[in-house]
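Working notes, beginning with the structure itself.
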Amino acid sequence: MIQNVHLTLLMGPVVPVPVPREVVDALSSVKVVSGATDQNGFDLTFTLSSTSTLNTIMLLLPQIGPLFRVILIVTMGGMPKTLIDGVVVEHSVSPDVESGRTTLTLRGRDLTTVMGLIEFTGLPYPAMPPEARVALIIAKYAMYGLIPLVIPSLFTDVPNPVEKIPVHQGTDLEYVRELARQAGYVFYITPGPVPGTNVAYWGPEIKIGIPQPALNVNMDAHTNVERLSFSLNGARGTLPIVYVQIKETKTAIPVPIPAVDILNPPLGIIPVSQPNIEFLDDTAKMSFAQAIATGLSRASLSVDAVEGTGSLDVLRYGRILEARGLVGVRGAGQAFDGLYYVKSVTHDLKRGEYKQSFSLTRNGLVSITPKVPV
């Protein structure tokens with residue numbers, strides 16, 4: 001679609017195949033949303049003649065089965081990257097009376113959609129910790145290339161089958177996300193490392209790693225973003241207090257839970273204060289491990305009070321900015337320069353154009369590093 005940038009589209013039930021050239025030629029725009037915690041999605045917009053057979057074929061294809069799969073691959077500089085691997089959930093048609101052409105839009109979501117189709121309420125998991133239950137659930141979807149990456153929780157809770165047997169609640173997606181919430185974890189599916197495979201990640205939100213090249217603003221010829229702005233919301237800081245019950249005395253002891261996580265280190269020297277205190281009364285009914293994990297989960301939601309939003313041209317930036325990773329910022333001032341976590345990225349592709357909008361988060365002001373990778 002763009003010089004040095006090539007788009008590959010695969011479609012089909014369960015195992016998609018490359019589409020004919022006529023379909024690619026009719027593709028006018030692509031939008032892909034990739035986030036750290038939210039469900040990823042895509043929009044494919046086709047411009048077709050009202051008399052074209054492709055118009056009818058594209059409408060009928062998603063009807064051949066309940067799961068019509070789509071894989072989008074972008075090759076930039078000879079390196080392929082899968083932007084999305086998902087299924088079509090909706091299609092819309094907008095005829096243009098004057099031009100005689102039709103705009104067909106296929107909307108879809110990632111493969112977490114497949115996990116939310118069938119309820120398995122009541123399925124028992126005797127003597128299985130949460131991570132074992134998650135791995136077993138993900139194994140059901142091996143046909144879609146799902147590779148489980150399950151990180152054991154820090155406070156493992158293995159229920160005694162004599163006292164309690166955990167049972168499945170709702171769909172696989174609902175249950176896995178609920179287990180992630182209880183452990184203070186996240187769950188998402190990342191396409192790759194090769195087309196047709198996906199990593200189903202259940203674990204802590206990792207905010208460490210090799211940073212991506214810096215986003216430069218107000219640096220003349222070195223500026224590589226179209227816009228970039230920041231905001232600080234200090235009111236988000238919350239100190240959760242959980243209640244841990246001692247079985248012998250039936251006494252609940254309040255325990256404050258600070259937002260401390262080795263996988264979520266401070267990215268700013270000046271942390272955001274925690275002006276609010278929240279008492280989690282329902283934790284008194286939980287085990288010690290569950291109560292602490294719930295407190296850590298709540299604390300992690302309030303630490304990223306520094307937020308940034310912006311957009312860039314991929315060709316000027318020189319690579320594809322990826323979500324769920326670190327990136328440097330330069331030229332925004334001493335308070336906001338430094339490393340950030342890329343919370344979400346939206347890809348917008350048209351003929352001759354590839355742009356991205358993004359959102360960044362950080363848990364403090366003033367960079368902890370004197371330099372960032374350029």
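Nothing here was measured: the structure is a model prediction, and the numbers come from that model.
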TODO: Output every pair passing side chain to side chain donor-acceptor pair (under 3.5 Å) with a member in residues 75-90, not counting sequence neighbours, ordered by first then second residue.
DONE: R69-D85, D85-N198
If you group Ile, Leu, Val, Met, Phe, Trp and Tyr by side-chain heavy-atom gaps below 4.5 Å, do [X] and [Y] land in one group?
{"X": "I71", "Y": "V199", "answer": "no"}
{"X": "V114", "Y": "V176", "answer": "yes"}
{"X": "W202", "Y": "I151", "answer": "yes"}
{"X": "Y144", "Y": "I147", "answer": "no"}
{"X": "V327", "Y": "Y354", "answer": "yes"}

Without swapping roles, check the side chain of [X] against the backbone of [Y] for a donor-acceptor pair under 3.5 Å.
{"X": "T197", "Y": "G192", "result": "yes"}
{"X": "N224", "Y": "N216", "result": "yes"}
{"X": "E307", "Y": "L232", "result": "no"}
{"X": "H91", "Y": "V93", "result": "no"}
{"X": "R133", "Y": "M128", "result": "yes"}
{"X": "R351", "Y": "L27", "result": "yes"}

- [ ] Determine, step by step, whether L117 and L67 satisfy the side chain to side chain contact (heavy atoms under 4.5 Å, CB included) criterion, reporting the C-alpha distance in whole Å, the side-chain angles of both residues, the deciding distance to 0.1 Å, and the verdict.
- [x] CA-CA 10 Å; L117 294 177; L67 300 174; 3.5 Å; yes
Open item on the list: If you apply the rule side chain to side chain contact (heavy atoms under 4.5 Å, CB included), what do you find for T361 with V306, and how did you get there?
Closed with: CA-CA 6 Å; T361 60; V306 181; over 6 Å; no
Could you state the interatomic distance from [atom1] ([X]) to [atom2] ([Y]), rounded to the nearest 0.5 Å?
{"X": "I84", "Y": "I73", "atom1": "CD1", "atom2": "CD1", "value": "12.0 Å"}
{"X": "L179", "Y": "I137", "atom1": "CG", "atom2": "CD1", "value": "6.5 Å"}
{"X": "L44", "Y": "S28", "atom1": "CG", "atom2": "OG", "value": "9.5 Å"}
{"X": "R330", "Y": "K371", "atom1": "CZ", "atom2": "NZ", "value": "10.0 Å"}
{"X": "F46", "Y": "S29", "atom1": "CZ", "atom2": "OG", "value": "9.5 Å"}

Task: Distance-only side-chain donor-acceptor flag, T103 / T47, under 3.5 Å - done: no
Open item on the list: Can a side-chain donor-acceptor contact be found between Y141 and D172 if the only test is distance below 3.5 angstrom?
Closed with: yes
Task: V5/L315 under side chain to side chain contact (heavy atoms under 4.5 Å, CB included): CA gap, chis, key distance, verdict - done: CA-CA 9 Å; V5 178; L315 291 185; 3.8 Å; yes
- [ ] Report the residues that fulfil side chain to side chain contact (heavy atoms under 4.5 Å, CB included) with E174, sequence neighbours left out, ordered by chain and then residue number.
- [x] T171
- [ ] Applying side chain to side chain contact (heavy atoms under 4.5 Å, CB included), name anything that partners I165, two or more places apart in sequence or on another chain.
- [x] P124, P126, P161
- [ ] Would you indicate whether K140, at its atom NZ, is surrounded by more than 12 heavy atoms from other residues, nucleotides or ligands within a distance under 6.0 Å?
- [x] yes
- [ ] Start with the C-alpha gap between R107 and S92, add the side-chain angles, then the distance that decides, and say whether side-chain hydrogen bond (donor to acceptor under 3.5 Å, both in side chains) holds.
- [x] CA-CA 8 Å; R107 296 184 176 87; S92 61; 3.2 Å; yes
Would you check if [X] and [Y] make a side-chain contact, meaning some heavy-atom pair closer than 4.5 Å?
{"X": "N40", "Y": "Y188", "result": "no"}
{"X": "Y201", "Y": "I206", "result": "yes"}
{"X": "K207", "Y": "E205", "result": "yes"}

Open item on the list: Is the positively charged end of R177 above the ring of F187, judged by distance under 6.0 angstrom from the centroid and angle within 45° of the axis?
Closed with: no
TODO: With R109 as the cation and F42 as the aromatic partner, state whether NZ or CZ is under 6.0 Å from the six-membered ring centre and within 45° of the axis.
DONE: no
Open item on the list: Strictly by ring-ring contact (aromatic ring centres under 6.0 Å, His included), give each pair with a member in residues 311-337 just once, sequence neighbours left out.
Closed with: F230-F336
Open item on the list: Who clusters with I210? Use side-chain heavy atoms, under 4.5 angstrom, across I, L, V, M, F, W and Y, and order the result by chain and number.
Closed with: none
TODO: Under the side-chain hydrogen bond (donor to acceptor under 3.5 Å, both in side chains) rule, what do S359 and T309 come out as? Steps first, then yes or no, please.
DONE: CA-CA 4 Å; S359 64; T309 59; over 6 Å; no
Open item on the list: Using a strict threshold of under 4.0 Å (side-chain N to carboxylate O), is an ion pair present between E226 and K355?
Closed with: yes
Task: salt bridge (Lys or Arg N to Asp or Glu O under 4.0 Å) partners of R21, counting only residues at least two apart - done: D25
Task: Criterion side chain to side chain contact (heavy atoms under 4.5 Å, CB included) on I269 and L365, from CA distance to verdict - done: CA-CA 6 Å; I269 296 177; L365 296 170; over 6 Å; no
